[in-house]
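The next block holds one structure in the form of structure tokens; read it before the comments.
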Amino acid sequence: MSQNPDVKYCPTSGYGTDASHNSFYPWDFIEKYMKSDRRQPEPSRHIYFGSNGSKSGASWPPSVSSQDLAGNEARTVAQLTDAIVGFMHQPNSKYDERPANQVIEAIRLLEKIAFIRQTHYGGFYDFIPDLAMADTAYTNLALGAHTDTTYFSDPAGLQAFHLLSHSDPTAKDGKGTLGGQSLLVDGFYAASILKEEDPKAFEILSKMYPVLEVDDKTGGMHRLRWNNDDRGVVPFDGPFTPTAWYEAARKWHSILTRKDVEYWVQLEPGNLLIFDNWRVLHGRSAFTGVRRMCGGYINRDDFISRWRNTNFPREEILQRIVG
Ligand SMILES: [Fe+2]
């Protein structure tokens with residue numbers, strides 16, 4: 001069908017508007033939307049990881065260096081966002097060890113994905129242990145596996161930690177005894193174990209919002225929230241009793257603390273660890289001395305948008321977004 005000369009058409013999509021603000025759509029778009037408004041599910045990002053790394057056998061954790069980023073930024077950001085279930089950025093051999101310059105480098109890398117999210121904690125953070133903050137994150141205690149911002153209706157999508165420095169002048173034999181290893185647990189892998197070993201517990205935690213959220217289109221896991229130190233009230237008027245809920249929670253906790261699901265990594269100064277806070281739980285071992293850490297959150301929508309736009313052709317992205 002020929003195009004109306006009074007209409008301005010987008011050269012790639014075929015949509016158009018005229019001077020009276022009437023909108024025009026290609027016939028194939030209208031035909032498709034009349035038949036179905038179901039969008040395609042996102043490609044699966046569900047290759048699990050455990051204590052030995054990725055279950056796919058791929059090298060773990062996926063990582064890029066500052067050199068990769070400088071060499072081919074577009075390709076590196078595509079790799080970074082595609083692998084971000086748990087992801088490591090490592091400095092190259094010439095990196096600047098001064099904390100102030102590392103902070104700039106960390107912010108620069110995060111902003112390659114999207115802007116850093118502001119919350120009531122602030123935006124980009126940079127901290128050392130400080131009991132005045134009245135939050136376990138600011139102590140040097142061990143922290144069990146948990147997700148952050150469980151109490152938000154839109155929990156942080158990505159979480160990043162960048163180790164700036166860690167020293168303890170009182171340590172006898174220096175490096176290696178300071179502690180502070182980082183813990184990552186693939187919550188989707190743990191949920192798959194729960195579903196297999198105790199389907200009733202899985203049902204309880206997925207029906208009583210908001211611990212385990214299942215995607216109703218694919219049946220796969222969509223998001224989880226879990227923090228033993230930050231729990232809300234378990235409702236008494238739900239389909240299950242509080243006793244049943246706590247039994248399910250005990251089973252879930254026992255899976256999260258199994259050795260074969262815990263992935264431990266020792267960050268070195270200059271390392272930046274990024275992970276999906278809707279899926280991956282994090283924690284740490286106790287440490288001595290003074291550890292300076294910086295990092296921030298990125299919104300889920302902005303991360304997914306960046307991932308789509310760097311990994312898929314435009315037509316495929318439109319199919320997923322518009323339908
Ligand atoms: Fe945390």
Side-chain angles (χ1 to χ4, degrees), residues 49 61 84-89 103 106-107 109-110 113-114 116-166 178-191 205 210-213 221 223-232 249 252-253 255-257 261-267 271-288 290-300 302-303:
F49 72 85
I84 215 156
V85 171
F87 180 85
M88 181 87 81
H89 168 259
V103 165
I107 293 173
L109 185 114
L110 292 181
I113 303 170
I116 294 165
R117 178 170 174 173
Q118 290 282 339
T119 70
H120 57 292
Y121 300 113
F124 188 83
Y125 61 79
D126 177 352
F127 70 90
I128 57 174
D130 181 0
L131 290 176
M133 298 298 287
D135 188 307
T136 50
Y138 292 87
T139 67
N140 56 5
L141 302 172
L143 295 179
H146 65 281
T147 59
D148 272 16
T149 60
T150 51
Y151 34 79
F152 286 177
S153 62
D154 173 28
L158 299 183
Q159 158 95 283
F161 292 124
H162 180 113
L163 180 63
L164 294 168
S165 61
H166 188 183
L178 305 183
Q181 278 198 316
S182 297
L183 167 66
L184 297 179
V185 173
D186 183 348
F188 286 8
Y189 175 43
L205 296 182
V211 178
L212 304 177
E213 290 176 69
M221 281 292 296
R223 173 169 65 187
L224 66 89
R225 292 176 165 97
W226 186 255
N227 190 339
N228 254 343
D229 298 332
D230 245 345
R231 181 174 300 141
W252 172 236
H253 176 75
I255 293 171
L256 293 178
T257 50
V261 304
E262 291 185 334
Y263 178 80
W264 288 94
V265 60
Q266 180 71 61
L267 295 183
N271 287 162
L272 173 63
L273 181 65
I274 309 177
F275 49 89
D276 179 349
N277 186 58
W278 282 22
R279 166 174 174 172
V280 176
L281 302 97
H282 63 282
R284 67 164 186 237
S285 61
F287 61 89
T288 63
V290 177
R291 194 171 81 142
R292 185 173 167 192
M293 189 76 89
C294 65
Y297 297 131
I298 288 176
N299 285 324
R300 169 76 176 190
D302 301 301
F303 154 55

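In listed order, ligands and their atoms are each counted from 1.
Checked against a 6.0 Å centroid threshold, the rings of H120 and F152 count as neighbours.
For the pair R231/V211, no side-chain contact is recorded, criterion being any heavy-atom separation below 4.5 Å from C-beta on. The shortest distance between side-chain heavy atoms of L273 and L267 falls below 4.5 Å.
With sequence neighbours left out, the ring pair (Phe, Tyr, Trp, His ring centres under 6.0 Å) criterion links Y125 to F127.
Put simply, the side chain of H146 gets close to the backbone of H282: a donor and an acceptor are under 3.5 Å apart. Under a 3.5 Å cut-off, the side chain of N277 and the backbone N or O of D148 do form a donor-acceptor pair.
Of all protein N/O/S atoms, those lying under 2.8 Å from the Fe ion (ligand 1) come to 3.
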